[in-house]
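Lettering follows sequence order; numbering is per chain, from 1. Since we're looking at a predicted model, the values are computed, not measured.
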Amino acid sequence: MQTEPKAAKAEKPESKYPLNLPDTPFPMRGDLAKREPKWVDDWTQKKLYHAIRRAAASRPRWVLHDGPPYANNDIHVGHAVNKILKDIVVKSKLMAGFDATYVPGWDCHGMPIEIQIEKKFGKGLPAKEVQAKSRAYAHEQIEKQRRDFMRLGVLGEWENPYLTMNPSNEADEIRALRKIYDAGYVFRGLKPVNWCFDCGSALAEAEVEYQDKTDIAVDVGFAFREHDKLAKAFGLAALPHPTGFIVIWTTTPWTLPANQALNLHPDFDYALVETNDAARPLLVLAKDRVAFCMDRWGLEGKVIAECKGRALELIAFAHPFYDRPSPVYLGEYVTLDTGTGIVHSSPAYGVEDFLSCRAYGMKDADVLTPVLGDGKYAASLAEFGGLSIWDANPKIVEHMASKGTLFKAEKFQHSYMHCWRHRTPVIYRATNQWFAGMDVKPKTGASSLRETALAAVEATQFFPAWGKPRLHAMIANRPDWTLSRQRQWGVPMAFLVHRETGELHPRTSELLEAVAKRVEQGGIEAWQTLEVSELLGSDAKDYVKNPDTLDVWFDSGTTHETVLRGSHPEQSKFPADMYLEGSDQHRGWFHSSLLTSCMINGRAPYNELLTHGFVVDQNGRKMSKSLGNVVAPQKVCDTLGADILRLWVAATDYSGELALSDEILKRVADTYRRMRNTLRFLIANTADFDASKDLVAADQLSELDRYALALTRKLVRECRDAYARYEFHAVTQKIQVFCSEDLGGFYLDVLKDRLYTCGATSPARRSAQTALHHILQTLVRMLAPILSFTCEEIWATLYPGKTVDESSVLFETWDYVVPGEDGNLLETWQTLREVRGSVTKSIESLREQGTVGSSLQANVVISAPEPLAAALLRLGDDLKFVFITSRVEVKPGSELNVEVSPSAHQKCERCWHYRADVGGNAAHPSICGRCISNLYGDGEQRVYA
RNA sequence: CGUCGAUUAGCUCAGUGGAAGAGCACCCGGCCGAUAACCGGGAGGCGCUUGGAUCGAUACCAAGAUCGACGACCA
């Protein structure tokens with residue numbers, strides 16, 4: 001790192017009496033936006049990260065495992081927050097005395113990239129091509145994101161990150177699948193998904209769009225078949241007619257062959273209606289829909305009995321055209337907006353239908369699934385086998401009309417789900433999927449996954465603490481994990497399944513390893529080209545490759561296997577010490593990683609979880625393009641600098657939302673300038689100080705300096721504490737107050753006289769410089785994790801001529817000792833500072849009258865009661881320096897009283913004190929006795945200040 | 001709708017069951033040897049609203065408001 005040339009001093013007539021003025025090449029203005037990129041290049045070229053690792057090699061390992069961002073789009077400020085927080089944590093652990101590592105990663109598989117490829121290259125590409133193009137696209141995205149992350153000053157193994165799409169990673173992921181399969185967690189079951197017949201696959205929500213569609217809406221009667229139960233439910237001894245129907249309304253007649261139940265709302269009133277139609281003399285309808293329905297069907301009728309929906313629970317009615325019962329199940333989702341207040345339920349073709357049937361104990365094997373993947377009914381379906389469901393719609397209506405169960409049919413236009421690729425209608429369809437069972441006992445006989453995971457949550461430290469109940473609740477309530485996806489850009493669920501039975505091959509475990517070996521060489525593409533016979537020989541004719549890929553959450557969720565124990569074991573350990581992500585990852589990465597690790601390791605892959613909120617604008621609103629309140633990290637770096645962004649992250653309480661706006665950044669930049677200037681003052685006033693030679697022993701320091709060091713030790717304690725709790729905003733706050741109140745507002749202000757006017761190498765000045773040296777060494781260490789650029793810049797200024805891989809502030813630790821004992825210095829000087837407050841206030845009132853300008857023009861007389869008077873008198877003549885006045889007199893008094901008057905003496909040209917002895921030496925008529933002594937004599941003794 | 005979190009000066013944050021704090025910003029002044037700096041002084045807060053237990057709450061409890069996170073294949 002290079003420091004800027006010294007700015008030319010303003011031309012001023014040089015006094016013939018020299019002063020020890022501050023001197024440094026360290027510029028007052030950071031000019032960060034311009035200079036930071038050069039430093040990043042320097043760190044990269046010199047391999048700073050690895051130099052630090054070497055320096056820390058003997059320390060205990062501490063691992064922050066990176067949650068991989070998705071390899072798509074430029075980074076936004078949320079990414080920046082996440083990476084900066086991680087960097088601050090890693091660097092703080094480094095300086096706390098650990099060998100803290102950071103291997104960044106990227107999540108590469110999944111739908112967003114698949115969609116990008118589809119947008120760029122069109123639809124319907126063969127899998128192999130999708131995979132090749134996705135791989136290339138992900139690489140491009142990663143390169144861009146990597147540059148932006150590095151620009152933030154984030155240190156890590158950027159030249160060797162982990163990518164979930166690396167063949168070795170893909171192979172290890174298949175091995176992870178093998179482990180959970182071997183443990184017995186994996187099973188096959190039904191699950192409703194959005195299904196496109198033209199794609200022949202499931203659709204993600206993002207692939208579904210709504211368009212108008214015209215269907216046949218039908219009112220369909222389900223005949224009574226449990227008359228006694230029905231009569232009883234309505235409070236009747238018997239039904240007045242043997243014939244009757246409960247009526248449903250649906251816009252999807254094609255689901256009726258799969259009807260297996262009827263849904264009523266438990267709290268709605270249902271009516272038994274007697275009509276004037278001999279073919280259908282009794283009807284059951286929701287009471288509030290009776291008038292509407294009668295009118296609609298052109299019937300007359302009257303309500304002869306009523307009951308709540310729940311009274312009809314489990315009563316069975318007859319399917320409208322097959323000879324089987326359809327029982328009433330209760331469901332809160334039934335509404336009275338349309339139809340009859342009764343909903344027909346085909347569990348294979350509706351989410352609510354599926355869930356309610358399952359809630360009533362229906363097994364997967366009992367769910368009727370007559371619709372095949374191409375949209376045709378299975379050949380075995382009575383009456384309609386082989387027909388496309390859309391062609392079957394009118395035939396089903398005709399059929400019901402002939403059976404006398406059709407009440408009405410009409411065209412009906414509504415908004416309906418369509419495939420965004422094909423613009424064709426999509427249905428919900430129960431499909432076979434692979435699951436990891438939450439309540440499955442593993443083969444070892446250990447606890448279920450849910451129990452293990454809940455115990456793991458308990459064993460984990462959460463920052464902030466409310467993360468624990470949150471994750472706990474999610475684990476406690478979540479359903480089984482659907483591992484399978486019907487996609488192309490993902491790691492294959494490399495199962496071989498029996499052509500007929502769908503059973504897994506008996507040697508599945510070893511087959512998975514065989515596939516993993518091939519994927520390790522050829523990536524997931526190797527699975528595409530694999531012939532079943534290569535693995536199974538003569539068995540091949542009975543088995544097919546499972547076409548599913550793994551949920552991308554399985555990719556990132558197994559990085560503790562594929563990265564910590566896979567691709568980067570040298571840099572890692574298991575479990576990791578920390579995972580750190582946005583609060584959404586309780587449902588995401590924290591969650592998936594926990595489950596996979598509990599299945600594989602029986603414990604969480606992390607010891608600590610740290611969560612941050614999301615970035616909002618000054619008014620607490622989410623950032624969005626439409627609101628125009630987006631702050632781009634790239635832009636902040638290019639204008640204010642990355643250290644400003646880093647300081648903003650550090651200064652904000654990330655446990656909630658992080659507010660960001662131009663004004664907030666401006667305030668942060670103010671804070672930065674304050675810190676930078678304070679640091680600069682320390683640097684400039686120790687420029688002629690060589691710690692190896694000039695350091696004054698702690699017990700030889702003036703008392704004020706020992707007090708300043710006591711304050712510094714206190715600051716270190718507080719900051720280390722706050723860092724340990726990851727409360728960086730507390731660190732920032734403490735340092736800011738330290739710089740403003742303790743240093744700028746008091747210590748440094750007082751010190752200027754001694755620094756500038758005492759002999760350059762005098763004990764008095766060396767004492768001050770010793771304190772400044774320790775303070776500087778401390779501050780640069782405490783700030784280094786946050787203001788990475790600035791602190792390296794300072795370090796290079798302090799130790800010029802060395803490259804960053806030879807000398808970096810990050811080689812240092814917080815064990816730096818600030819010498820001295822606190823004793824009662826803090827209390828003693830707190831009292832003095834309070835008196836000083838009274839003095840400055842008194843001077844201020846004199847100033848308002850125009851009697852004095854500088855406080856040095858003032859003489860102060862303090863009356864004080866004991867023991868305060870003694871405490872003041874103890875400092876003797878040094879007291880005036882504490883108050884920055886020319887003279888102080890202390891008198892006993894009943895209460896504290898400060899009187900200020902202008903000095904009657906001459907101002908010393910050199911030290912600006914007003915003293916009686918100015919001009920006392922004829923050879924030097926314009927300066928005082930102190931200055932004579934400091935320049936030509938033995939110099940002042942400064943015991944206290 | 002449900003679960004969770006947030007709400008103290010213009011901004012960022014402290015804090016305590018007993019008369020509201022800091023830094024910065026703002027206003028006024030000083031200095032002119034940290035100078036696109038530095039020092040001093042001042043002004044500024046129905047502590048989101050409404051109830052409740054309490055002698056008494058900003059702090060404890062409950063409801064509401066506003067904002068935010070998550071809610072199943074979407075990383």
With rounding to the closest Å, how many angstrom separate the P atoms on B/rC24 and B/rG56? 39 Å
Looking at every strand, decide which applies to A/I664 at a 4.0 Å heavy-atom threshold: base, sugar-phosphate, or nothing. sugar-phosphate
With sequence neighbours excluded, residues passing ring pair (Phe, Tyr, Trp, His ring centres under 6.0 Å) with A/Y162: A/H65
If you look at every strand shown and take non-hydrogen atoms under 4.0 Å, does A/T652 touch a base, only sugar-phosphate, or nothing? sugar-phosphate
Ignoring hydrogens and angles, write down the donor-acceptor pairs under 3.5 Å from the side chains of residues 462-473 of chain A, residues two or more places apart or on other chains.
unit_1 : atom_1 : unit_2 : atom_2 : d
A/K468 : NZ     : A/E458 : O      : 3.0
A/H472 : ND1    : A/E458 : OE2    : 3.2

Test of understanding: with side-chain hydrogen bond (donor to acceptor under 3.5 Å, both in side chains), list the residues that count as partners of A/R765, not counting sequence neighbours. A/D688
Would you indicate which nucleotide in B/rA75, B/rC38, B/rC13 comes nearest to any side-chain atom of A/H729? B/rC13
Between the protein and nucleotides 22-26 of chain B, which nitrogen or oxygen pairs come in under 3.5 angstrom?
unit_1 : atom_1 : unit_2 : atom_2 : d
B/rG23 : OP1    : A/E741 : OE2    : 2.9
B/rG23 : O3'    : A/S740 : OG     : 3.4
B/rG23 : O2'    : A/Q736 : NE2    : 2.1
B/rC24 : O2'    : A/D670 : OD2    : 3.4
B/rA25 : O4'    : A/R667 : NE     : 3.3

What is the nucleic acid contact for A/Q618, judged by heavy atoms within less than 4.0 Å: base, sugar-phosphate only, or nothing? sugar-phosphate
Nucleotide N/O of nucleotides 64-67 of chain B paired with protein N/O under 3.5 Å:
unit_1 : atom_1 : unit_2 : atom_2 : d
B/rC67 : O2'    : A/G620 : O      : 2.4

Any donor-acceptor N/O pair under 3.5 Å between B/rA72 base and A/W481 side chain: no
Touch class at under 4.0 angstrom, heavy-atom based, for A/G656 against every strand present: nothing
RNA chain B stem ranges, 3 or more consecutive Watson-Crick or G-U pairs under 3.5 angstrom: B:1-7 with B:65-71, B:10-13 with B:21-24, B:26-30 with B:38-42, B:48-52 with B:60-64
Please identify each residue that fulfils side-chain hydrogen bond (donor to acceptor under 3.5 Å, both in side chains) with A/H773, with sequence neighbours left out. none
Run the ring pair (Phe, Tyr, Trp, His ring centres under 6.0 Å) test against A/H265 and tell me which residues pass, sequence neighbours left out. A/F268
With A/D439 via side-chain hydrogen bond (donor to acceptor under 3.5 Å, both in side chains) - residues at least two apart: A/R450
Applying side-chain hydrogen bond (donor to acceptor under 3.5 Å, both in side chains), name anything that partners A/R29, two or more places apart in sequence or on another chain. none
Rounded P spacing from B/rC26 to B/rA37 in Å: 12 Å
Please work out if A/D653 contacts a base, only the sugar-phosphate, or nothing of the nucleic acid, heavy-atom cut-off 4.0 Å. sugar-phosphate
Do the side-chain N or O atoms of A/H109 get closer than 4.0 angstrom to the phosphate oxygens (OP1, OP2) of B/rA75? no
B/rG33 C1' sits how many Å from A/D688 CG, rounded? 15 Å
From B/rU12, B/rG33, B/rA34, pick the nucleotide closest to the side chain of A/L21? B/rG33
Hits for side chain to side chain contact (heavy atoms under 4.5 Å, CB included) against A/P492, two or more places apart or cross-chain, chain-then-number order -> A/I174, A/I524, A/W527
Proximal nucleotide (of B/rC4, B/rA34, B/rA72) relative to the A/R470 side chain: B/rC4
Which ones in residues 579-596 of chain A lie close to RNA chain B, meaning a heavy atom under 4.0 Å from one of its atoms? A/S583, A/D584, A/R587
Centroid distance below 5.5 Å plus an interplanar angle below 30 degrees: do A/W912 and B/rG33 meet both conditions? yes
Please test A/Q433 against A/T431 for side-chain hydrogen bond (donor to acceptor under 3.5 Å, both in side chains), starting from the C-alpha separation and ending with a verdict. CA-CA 6 Å; A/Q433 302 289 344; A/T431 54; 2.8 Å; yes
Most 5' of A/C911 and A/A473 on RNA chain B, judged by nearest nucleotide: A/A473
